[in-house]
Amino acid sequence: MKQILVTGGAGFIGSNFVHYWSQIYPEDRLVVLDNLTYAGNLANLEALQTKIRFVQGSICDTELVDQLFVEENLDTVVHFAAESHVDRSILGPGLFVETNIQGTFVLLEAARKHWLPAKQGKFLHVSTDEVYGSLSPEDPPFTEQTPYQPNSPYAASKAASDHLVRAYFHTYGLPVLTTNCSNNYGPYQFPEKLIPLMITNALLGKPLPIYGDGQNVRDWLYVEDHCRGIEAVLLRGRLGETYNIGSRNERSNLETVHLLCDLLARQIPDRDFHGLISYVTDRPGHDRRYAIDPTKIDAELDWRPLENFETGLEKTVIWYLEHRQWWQSLLERSSFPKELVPCPSPNL
C-alpha cells in the first residue's frame with residue numbers, strides 16, 4: 001500500500017491520473033493537494049470524493065506541505081501542479097516562477113527532510129516537451145539527451161524545476177524520477193487549450209481561431225496513455241532518470257482542427273463546423289514544432305500508447321458532448337487572457 005501525494009490533482013492531467021490510479025490500485029491512499037486556481041476543479045474528482053483525501057492549498061506553503069508528509073506518512077509524490085498555459089505566462093510570468101520553481105523546491109525540501117538519509121520514497125516530477133525548445137520540420141524528435149532551450153516563460157520555469165529535481169538526486173541522493181510529455185488531450189481539460197477550445201467553440205457556433213498559418217506541429221498524447229506512462233515510470237523506472245512520454249503522433253494545428261470538425265460532424269451531421277475556422281495573429285515566440293521520441297520508455301519499461309490520434313480524439317469529442325454542463329460552468333466563471341487568446345467571445 002502506497003501513501004501518495006498528488007499535487008495538482010484537481011487539474012486536467014492530475015485528475016485523470018487520480019481516476020486511473022484509484023481504479024487500478026484501490027488499496028493505495030491518495031492525497032490530492034490543489035490550490036483550485038482557475039484550472040483546478042473539484043468537479044473533476046466528484047466521483048472519488050469518498051476514496052481520496054482532498055486538501056486545498058498551495059505547493060508553495062511550506063508548513064502545509066510538511067504537515068501532509070507527517071500526517072500521511074507519505075512515501076510517494078506525483079508532482080503535476082504547475083501553471084501551464086503559455087499565453088498566460090507571456091502576460092504574467094511571475095506566477096509561473098513562483099508556482100513552478102518555488103513550489104517544486106518546497107516539495108523537494110519536504111521529501112529531503114522526511115525521506116533522507118534512508119532514501120525511502122519516490123518523487124516523480126511531471127514536466128513537458130516545451131523545455132527542449134522548438135524543432136524545424138527536418139529535425140529528429142526530442143530525446144532525453146536533447147539540450148534544453150525553453151522559449152516561453154512557462155517553458156523556462158518548467159526547465160528550471162527539472163534542473164532542481166535533477167540536482168536533488170545528484171547532490172542529496174533523493175529518489176527522483178522525471179517525465180517529459182508531449183501535448184495531452186482528453187477528458188477534464190480546461191477549455192483554453194487547443195482541442196477543448198475548438199470543441200466547445202464549435203458546439204457553441206463560435207469561430208475556431210487558429211494562430212498564424214496553422215502549421216505549428218504538436219505530438220498529441222491521449223491523457224490516459226500518459227497516466228499509464230507515469231505508472232510505468234513510477235513502478236519500474238530507474239531512479240534519477242528522465243523518460244520522455246510521447247505517441248509519435250505529429251499533427252499540425254490545422255490538421256487537428258479539421259479532424260475535430262470531421263468527428264463533430266459524425267455526431268451532429270447537420271452542422272458545418274469547417275466553416276467556423278478562422279486565422280488570427282500568431283502568438284509571440286510561438287514554437288514551430290514539438291515531437292517526442294519515446295524509444296527509451298518503450299525499450300526499458302515496455303510502455304507504448306494504446307490510442308492513436310483518431311480513436312483518442314473521437315473519445316474526447318464524445319466526452320465533451322456528454323459533459324456539456326461541466327465545461328459550460330467553467331466558461332461562465334473563467335477569465336482568459338483576452339489580449340492573446342484569439343476568440344472574440346466575452347466568456348473566452
Could you check whether any side-chain heavy atom of T62 comes within less than 4.5 Å of a side-chain heavy atom of L64, counting everything from C-beta outward? no
Spacing of T146 atom OG1 and I292 atom CD1 [to the nearest 0.5 Å]: 8.0 Å
Do the side chain of R251 and the main chain of T256 share a donor and acceptor less than 3.5 angstrom apart? no
Quick one: are N180 and D162 in side-chain contact, heavy atoms under 4.5 Å? yes
Would you say the side chain of Q189 lies within less than 4.5 Å of the side chain of V223, judging by non-hydrogen atoms? no
Distance-minimising heavy-atom pair for V126 and L124: CG2-CD2, 3.6 Å
Side-chain donor-acceptor pair present, H274, D262, cut-off under 3.5 Å: yes
Quick one, D34 with F80, criterion side chain to side chain contact (heavy atoms under 4.5 Å, CB included). Give me CA distance, side-chain angles, the key distance, then yes/no. CA-CA 10 Å; D34 197 294; F80 293 98; over 6 Å; no
Output for pair (H163 NE2, T104 OG1), nearest 0.5 Å, gives 12.5 Å
Spatial distance of atom CG (N249) from atom CG (L221) [nearest 0.5 Å]: 8.5 Å
Assess R88 against Y38: is NZ or CZ under 6.0 Å from the centre of the six-membered ring, and within 45 degrees of the ring's axis? yes
Kindly indicate, with the supporting measurements, whether the criterion side chain to side chain contact (heavy atoms under 4.5 Å, CB included) is fulfilled by I245 and W303. CA-CA 9 Å; I245 306 177; W303 174 90; 3.6 Å; yes
Can you see whether T7 engages H79 through a side-chain donor-acceptor pair at a distance of less than 3.5 angstrom? yes
Single-linkage hydrophobic cluster L234~M1, side-chain heavy atoms < 4.5 angstrom: no
About how many Å separate CG of L254 and CD1 of I277, when rounded to the nearest 0.5 Å? 6.0 Å
Which atom of F169 lies closest to which atom of L239, heavy atoms considered: CZ-O, 3.6 Å
So, T295 and R248: side-chain donor and acceptor under 3.5 Å apart, yes or no? yes
Going by heavy atoms in the side chains, are P141 and D129 under 4.5 Å from each other? no
Does L321 share a hydrophobic cluster with F190, counting links as ILVMFWY side-chain heavy atoms below 4.5 Å and allowing steps through other members? yes
Regarding Y290 and E130, do their side chains bring together a donor and an acceptor under 3.5 Å, going by distance alone? yes
What is the distance from atom OH of Y172 to atom CD of E109, rounded to the nearest 0.5 Å? 6.0 Å
Side chain to side chain contact (heavy atoms under 4.5 Å, CB included) evaluation trace for W326 with N41: CA-CA 10 Å; W326 177 88; N41 186 359; 3.3 Å; yes
Relative to the ring of F69, is the ring of W115 parallel (under 30°), tilted (30 to 60°) or perpendicular (over 60°)? tilted
Check for me, please, whether I59 and F12 land in the same ILVMFWY cluster - side-chain distances under 4.5 Å, paths through other members count. yes
Does any non-hydrogen side-chain atom of S161 lie less than 4.5 Å from one of H125? yes
Keeping the roles fixed (side chain from S89, backbone from Y154), state whether a donor-acceptor pair exists under 3.5 Å. yes
Is any side-chain heavy atom of K193 closer than 4.5 Å to a side-chain heavy atom of S84? yes
Hey, mind stepping through R166 and T242 against side chain to side chain contact (heavy atoms under 4.5 Å, CB included) and telling me if it holds? CA-CA 9 Å; R166 174 183 170 86; T242 295; over 6 Å; no
Only one of V77, L5, L177, L74 forms a side-chain contact (heavy atoms from CB on, under 4.5 Å) with F123, so which one is it? V77
Looking at E72 and R29, is any side-chain nitrogen of the basic one under 4.0 Å from a carboxylate oxygen of the acidic one? yes
Shortest non-hydrogen contact from A202 toward L264: CB-CD1, 3.6 Å
N201 (side chain) donor-acceptor with P207 (main chain) under 3.5 angstrom: yes
Looking only at heavy atoms, the pair that brings F54 and A10 closest together is CE1-CB, 4.2 Å
For a 4.5 angstrom cut-off between non-hydrogen side-chain atoms, does Y211 reach D87? yes
Indicate the atoms forming the closest heavy-atom contact of S15 with L45, along with that distance. CB-CD2, 3.9 Å
Flag for D66-H114: side-chain donor and acceptor within less than 3.5 Å: yes
F17 backbone acceptor or donor facing H226 side chain under 3.5 Å: no
Would you please test S58 and D61 for side-chain hydrogen bond (donor to acceptor under 3.5 Å, both in side chains) and show each step? CA-CA 5 Å; S58 170; D61 186 337; over 6 Å; no
Is the backbone of T37 close enough, under 3.5 Å, to the side chain of N35 for a donor and an acceptor to pair up by distance? no
For the residue pair E71 and Q67, confirm or rule out a side-chain donor-acceptor distance under 3.5 Å. yes
Tell me whether L164 shares a hydrophobic cluster with V131, the cluster being built from Ile, Leu, Val, Met, Phe, Trp, Tyr side chains joined at under 4.5 Å. no
Gap between atom NZ of K296 and atom CD of Q145 - 0.5 Å precision: 6.5 Å
Assess, by modelled atom type and distance only, whether the side chains of N16 and N184 contain a donor and an acceptor separated by less than 3.5 Å. no
Only residue of D139, D282, D213 satisfying salt bridge (Lys or Arg N to Asp or Glu O under 4.0 Å) with R288 is D213
Hydrophobic cluster membership, L331 vs L208, 4.5 Å side-chain cutoff: yes
Below 4.0 angstrom, N of the basic side chain to O of the carboxylate: do E307 and K315 qualify? yes
Greater than 12 external heavy atoms within 6.0 Å of E27's CD: yes
Hey, does K2 have a side-chain heavy atom less than 4.5 Å from the side chain of D75? yes
Looking at E231 and R228, is any side-chain nitrogen of the basic one under 4.0 Å from a carboxylate oxygen of the acidic one? no
Closest heavy-atom pair and its distance - G214, I210: CA-CG2, 3.4 Å
